[in-house]
Amino acid sequence: VQLQASGGGLVQAGGSLRLSCAASGRTFSSYTMGWFRQAPGKEREFVAGIRWNGGSTRYADSVKGRFTISGDNAKNTVYLQMNSLEPEDTAIYYCAARRGLLITSTMGHQDNYDYWGQGTQVTVSS
């Protein structure tokens, strides 16, 4: 399984970005996908997760109402739409995949994911 994250960049506070995670190597209908981020000097943290088959989602409290995770089965791609971006959202964003369907309460645990992409930088200026 390979994951390729893209879509990061520099944006002003209040702006939007859409991250993409293209997955290859498997049929992902029974997978759970997640987005995590790591800011400078901080530990990597959960952002959002989605069950690929039915779309159950979970979000970190810090991004609820601003970020939306979604999947396109035909393209084997998961998206993270990020609106109303804040300087605190500045980080490297990673996508991850888990063989099997996680219940939403466990989507935030990094150890539950089997595969990781290389990360894409998001920088939000004030």
Heavy-atom donor-acceptor pair, [X] side chain to [Y] backbone, under 3.5 Å:
X      : Y      : result
Gln38  : Tyr93  : no
Gln81  : Ile69  : no
Thr77  : Lys75  : yes
Thr90  : Val124 : yes
Arg98  : Asn112 : yes
Asp114 : Arg99  : yes

What are the two closest non-hydrogen atoms of [X] and [Y], and how far apart are they?
X     : Y     : value
Trp35 : Leu19 : CH2-CB, 3.7 Å
Arg51 : Thr32 : CG-OG1, 4.1 Å
Cys95 : Ala5  : SG-CB, 4.2 Å

Taking the side chain as C-beta and beyond, is there a heavy-atom pair between Tyr31 and Leu101 under 4.5 Å? no
Using a 4.5 Å cut-off on heavy atoms from C-beta on, say whether the side chain of Met82 contacts that of Arg66. no
Identify, with sequence neighbours excluded, every residue that meets side-chain hydrogen bond (donor to acceptor under 3.5 Å, both in side chains) alongside [X].
X      : value
Thr123 : Gln121
Asn76  : none
Gln2   : none

Pairs satisfying salt bridge (charged side-chain N to carboxylate O under 4.0 Å, His left out), at least one member in residues 30-41, at least two apart: Arg37-Glu45, Arg37-Asp89
In this structure, would [X] and [Y] fall into the same cluster of hydrophobic residues linked by side-chain contacts under 4.5 Å?
X     : Y     : result
Leu80 : Leu85 : yes
Leu3  : Tyr79 : no
Ile50 : Val1  : yes

By the rule that ILVMFWY residues connect when side-chain heavy atoms come within less than 4.5 angstrom, directly or transitively, which residues belong alongside Leu102? Phe36, Phe46, Ile92, Tyr94, Met107, Tyr113, Trp116
What pairs meet the side chain to side chain donor-acceptor pair (under 3.5 Å) rule with one or both residues in residues 6-25, with sequence neighbours excluded? Ser16-Asn83
